[in-house]
Amino acid sequence: MNRSFATWTAACALCAACGGSVSNSLTDTDKFDYNVEQFADLQILRYHVPGFESLSLQQKELVYYLTEAALQGRDILFDQNGKYNLRIRKLLEAVYTGYQGDRTAEEFKALETYLKRVWFANGIYHHYGCEKFVPGFTAEFLRKALEEVDTKALPLAEGQQLAQLCDELFPVIFDPKVMPKRVNQADGEDLVLTSACNYYEGVTQAEAEAFYGAMKDPNDATPISYGLNSRLVKENGEVKEKVWKVGGLYGEALSKIVYWLEKAKGVAETAEQKAVIEKLIAFYQTGDLKTFDEYAILWVKDLNSRIDFVNGFTESYGDPLGMKASWESIVNFKDLEATRRTELISSNAQWFEDHSPVDKQFKKAEVKGVTAKVITAAILAGDLYPATAIGINLPNANWIRSAHGSKSVTIGNITDAYNKAAHGNGFAEEFVNSPEELRLLDTYGDLTGNLHTDLHECLGHGSGKLLPGVDPDALKAYGSTIEEARADLFGLYYVADPKLVELGLTPNDEAYKAEYYSYLMNGLMTQLVRIEPGNQVEEAHMRNRQLIARWVYEQGKADQVVELVQREGKTYVVVNDYAKLRNLFGSLLAEIQRIKSTGDFEAARSLVEHYAVKVDPTLHAEVLARYKKLNLAPYKGFVNPRYEAVTDAHGMITDVKVTYDEGYAEQMLRYSRDYSNLPLVNE
Ligand code: ZN
């Protein structure tokens with residue numbers, strides 16, 4: 001609903017879901033090591049927090065308290081994702097840290113991988129696909145290993161023997177038929193009974209729907225988010241909610257969160273921010289969803305604080321009925337440099353509109369640019385850790401969004417980490433034509449990629465106008481592809497403009513070539529790695545990119561502006577004439593704007609169907625085969641930086657130090673040691 005995710009190949013444009021712009025302010029971190037490790041289908045990265053050192057002491061203190069509040073909630077998500085997760089995690093960690101046998105043996109290695117996947121998914125189900133992990137080791141191996149470790153490290157209930165523990169947990173781990181899926185969406189089944197998530201206990205889907213159906217008033221214009229913060233259970237024949245609040249379910253973790261929020265309140269930047277924190281504390285203490293809405297409204301209106309955060313029950317993807325929210329937290333501060341860049345672009349919006357190659361009658365007489373807000377993440381937690389979104393748009397309640405607005409941000413340093421980690425992963429080396437294009441991409445690729453996204457977001461979507469009387473939905477199913485193409489072309493046309501050099505946004509008149517090359521390589525070839533063999537291009541952003549790339553390729557054929565060349569059975573994109581290529585982008589922009597402004601459905605259909613949809617099966621197969629050989633992990637996640645408060649003799653904080661040297665397992669074990677706040681067995 002309200003998250004945008006990074007596309008999983010580096011060469012794909014960043015506008016995965018039109019999320020905003022990104023930072024390129026990392027010049028001080030050229031030697032920063034973004035890659036941590038890779039296992040199963042996962043790659044673990046590290047992100048940098050540029051600008052943290054230049055925050056004031058009070059701001060650093062605030063960030064520090066909020067990061068502690070973020071980490072204290074870790075166990076909540078594990079428990080929400082499955083009722084046995086916390087015990088399984090502890091059991092596996094006991095073996096991982098205490099195993100005396102051969103740690104290089106295959107079965108131990110398989111257990112290590114399994115544990116790393118459990119950490120990543122916050123439970124025993126895949127974070128994306130929701131299916132239960134299949135262990136690469138046997139039950140006998142695990143039982144034997146458990147017999148050798150210190151029983152004090154095991155998640156034994158009062159008076160429980162190891163054998164009983166194994167009897168209880170092993171079917172959950174090893175039997176593929178027991179609780180196989182975290183969230184089941186298969187139509188026609190009882191989605192509550194067949195989903196392993198821990199939001200319901202002993203109730204059927206019909207009972208849950210009846211319970212909440214009876215609560216809802218269809219005439220309520222400001223409805224609370226029913227069921228958001230509770231587990232629905234049946235006890236003694238009665239269906240009731242066990243609310244997540246201080247003194248209620250998850251109370252042990254929530255009271256620790258409140259403890260740190262109280263400290264944060266004491267160093268809040270503004271009165272508005274203090275009110276936000278106070279209201280959140282009140283919500284955690286009461287579990288009252290009216291208070292939660294009041295909190296969300298205060299949060300939306302707090303626009304002047306540099307530091308911002310989310311801490312709470314937020315997204316409901318993990319509930320098959322879409323009501324109960326998983327716990328998550330992110331602490332962040334505004335990226336001033338990236339935001340200055342988007343402000344510079346926005347403040348020149350009229351110049352860009354006036355000079356675009358679009359017919360005058362389709363231009364806006366008065367145009368206002370949008371300033372995309374770019375933030376720097378300081379910590380990721382709960383359902384945003386280790387896998388995270390690159391853009392966030394909250395709150396989720398529709399009536400609050402329409403009455404009070406929402407905050408939409410892009411997480412610049414996370415996007416940057418994805419970009420940086422992609423350098424040297426072999427992708428560009430495999431697909432880029434020659435060392436000259438590689439040099440362009442290495443030198444300018446991140447910068448011009450970000451800039452293209454800025455132009456797309458801040459100017460592209462807002463440019464141009466419909467002629468009077470034209471239905472905004474006239475292009476129907478082709479509308480979103482045409483709209484994305486319009487915004488992309490606006491960005492492509494202007495990323496090469498001398499005006500950008502003049503504004504100091506690009507360093508020279510060759511930088512734009514990096515964006516032109518990677519855009520065409522992606523649109524003509526490499527984005528096909530995301531499409532299954534035999535399928536066509538469906539998604540609007542992907543259609544738009546292929547439309548643009550194929551169109552300029554075809555239209556420039558006579559002049560050989562862009563070519564697809566073959567060498568040793570491999571296809572490469574070659575750009576022979578960048579200046580003519582820019583003119584072609586300008587011509588297509590003018591035509592796409594005409595289509596949009598006049599609502600020319602037939603022309604939209606013809607363009608999209610001719611250029612954007614069909615896939616050349618031979619080229620597709622070739623690209624897939626080349627990509628497979630690179631062994632890149634399709635899913636990525638992050639380790640957090642580590643924050644440490646420096647105190648004086650009186651215990652006053654004098655500084656907060658941030659370090660980046662923690663390993664993945666090391667961090668997970670530290671979190672389990674320091675932030676295990678919940679009882680291992682649910683009441
Ligand atoms: Zn867009």
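Numbering of ligands and ligand atoms starts at 1, following listing order.
- Within the 4.5 Å cutoff, side-chain heavy atoms of Leu581 are placed close to those of Val575.
- For His456, the nearest N, O or S atom to the Zn ion (ligand 1) falls under 2.8 Å.
- Here the N, O or S atom of Glu484 that is nearest to the Zn ion (ligand 1) is OE1.
- A cation-pi arrangement is absent between Arg486 and Phe585, since the terminal nitrogen or guanidinium carbon is not both under 6.0 Å from the aromatic centre and inside a 45° cone about the axis.
- Of the candidates Arg545, Glu538, Gln546, Met542 forms a side-chain contact (heavy atoms from CB on, under 4.5 Å) with just one, namely Arg545.
- Among the atoms of Glu483, no N, O or S atom is found under 2.8 Å from the Zn ion (ligand 1).
- Leu394 pairs with exactly one of Thr314, Val409, Val300 by the side-chain contact (heavy atoms from CB on, under 4.5 Å) rule, that one being Thr314.
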